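First listed ligand is number 1; within each ligand, the first listed atom is number 1. Keep in mind that the numbers below use all heavy atoms, side chains included, and drop hydrogens, waters and symmetry copies. In this text the structure is predicted, and so the values were computed from the model without any measurement.
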Amino acid sequence: MGIQLKVALSYIAIIVAMLILLNIYPVLVSQNFIFRSKQDTMQDKATQYSRLLSTLDAVDRASVEKMMNILDDRGGYRVIITDDNLVAVYDNSYTENVTNKLILLQEIRVAMEGNDVFIVSHAEDRIISRAASPITIEGRVSGTVYLYESDMELAALLSDIQKNLSTIAFFISIGVIALSLILSRFMMRRISSLLSSIRKVREGDYTHKAKIKGRDEIAEIASEFNALTDRFERVENVRRQFVSDASHELKTPLASIKILADSITQTENMPPELVREFVEDIGEEINRLTRLAEKLLSVTRLDSDTSSELRPVDVKEVVMRCTQMLRRLASIEEIDIVPELSDDCLIDANEDDVYQIVFNLIENAVKYNVRGGRVHVFLFEKEEMVNLIVDDTGVGIPKADLERIYERFYRVDKARSREAGGSGLGLAIVRNAVIRLNGTIETESEQGKGTRIMLKFPISGGLIRDAGRLE
Ligand code: ADP
């Protein structure tokens, strides 16, 4: 069953229940009221007669008739009076007179047992009421008074009320059904529109937006859905860019290898020294490919892996290891690496992350430096934060590029980066690792003067956590 039908049916069910109640309740109340007033007046009359008749010596036709003629007022009731043998001694009806006949009515029998009786019923077009009372002479039930009335006027009034209520209910029902169909249709239209938007996006059209006006929950779902789609779109763009950049990066060394390999196979009588040189070049390109593959793995692993366990890592020890590794590269350009490291700078981390951060930053400070330049590495603790600063006297980074250097594959000077064996992934790896370690990163740079990269991490066992998280 569709939502539209469900909504419409629930509206209709509620209204129908209300209408039934509205139809039945007023009629029941009025009927009850009529019955009660009948009981009051009729029973009064019956007891009034029975009291008067109780003053007689005996319930016989002559004395009863005499008494009744004196009373004269019958209140519009048919009055039958029986003796103790249930034989009618008096009946005021001319048309169906039952005088002298045995009356075997249940009410009369009950009255003979000394009880007052009143019975009322609502038949099709009339209200029939009956009352009976015992006539007690000298402590003995000697006869009964029986009153009977058939009221068509009040019955007609009741059925009028019923009819009017039914007509009103009928028109209200028609109105409600129409309104609930319109309302549920309106709601359905919005849900269908949302549904078709979801389908479009599912089929890959991330630029599609659900257009739903209003301030209700459906509009809210639509706006949440649009935000989700935006996110999808961004993730998809980043993924596409990454795949295209990565394959581009892989293509260059592969093309070189192909050219070198073709040259060797297609050149006849190539001097062995040249062959050797070409093969060495192929080896170089393979090294570059290996480095690139490692970095690609690293950048994607850091994207997704957030589960590895953190333990206290001594940053000083990692910095010293990296410095050692990079000294040879630095000595080629006569660059001096100067570490100024404090002890006890422990952070909760995965050692590999710390190594990636420190190695990439110092490597960059060396790669983008000038001959005879200097790289300063500071490590100290301040206000429960471990501070790591890598400062160089290198080429610097233009202001416009400063924002973007942490993006994957972003390089300021492509030629220089490539020459230095760079891939544009180093700082992206750094950034991801810093995020994982709840750290912050700041960059200052002046072209021609140098670059300073400052990192802060919560100290292991410290009170400050998640300070200034990167997004
Ligand atoms: P790469 O593999 O090219 O070094 P990175 O992501 O490590 O990639 O760095 C991105 C770019 O930022 C580099 O290509 C370089 O242009 C610039 N850069 C990074 N560090 C420095 C630095 N210390 N001095 C000058 N430029 C830098």
Passing candidate, side chain to side chain contact (heavy atoms under 4.5 Å, CB included) with Leu455, options Val386, Leu361, Val315: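 Result: among Val386, Leu361, Val315, Leu361 is the only option passing the side chain to side chain contact (heavy atoms under 4.5 Å, CB included) with Leu455.
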Which protein heavy atom lies closest to [atom], and at what distance to 0.1 Å?
atom: atom 17 (C) of ligand 1; answer: Val412 CG2, 4.0 Å
atom: atom 19 (C) of ligand 1; answer: Asn364 ND2, 3.5 Å
atom: atom 8 (O) of ligand 1; answer: Gly424 CA, 3.1 Å
atom: atom 23 (N) of ligand 1; answer: Asp392 OD2, 2.9 Å
atom: atom 11 (C) of ligand 1; answer: Tyr410 O, 3.6 Å
atom: atom 12 (O) of ligand 1; answer: Ile405 CG2, 3.4 Å
atom: atom 3 (O) of ligand 1; answer: Ser417 OG, 2.7 Å

Would you indicate whether the side-chain heavy atoms of Phe378 and Asn387 approach each other to under 4.5 Å? no
Taking heavy atoms and a distance under 4.0 Å, where does [X] meet ligand 1: side chain, backbone, both or neither?
X: Tyr406; answer: neither
X: Lys367; answer: side chain
X: Val430; answer: neither
X: Leu427; answer: both

- Query: So, is Tyr368 polar-close to ligand 1, with some N/O to N/O distance under 3.5 Å?
  - Reply: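 Yes; the residue has a nitrogen or oxygen that sits under 3.5 Å from a nitrogen or oxygen of the ligand.
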Can you give me every donor-acceptor pair (side chain of residues 24-31, partner residue at least two apart or in another chain, under 3.5 Å) with its distance?
residue: Ser30; atom: OG; partner: Pro26; partner atom: O; Å: 2.5
residue: Gln31; atom: OE1; partner: His122; partner atom: ND1; Å: 3.0

Show me the donor-acceptor pairs, under 3.5 Å and distance only, between side chains in residues 172-183 and residues at least two apart or in other chains.
residue: Ser173; atom: OG; partner: Ala169; partner atom: O; Å: 2.7
residue: Ser180; atom: OG; partner: Val176; partner atom: O; Å: 3.0
residue: Ser180; atom: OG; partner: Ile177; partner atom: O; Å: 2.9

- What do you reckon, are the aromatic ring centroids of Tyr206 and His208 less than 6.0 Å apart? no
In ligand 1, the atoms that come under 4.0 Å of a heavy atom of Ser423 are 1 (P), 2 (O), 3 (O)
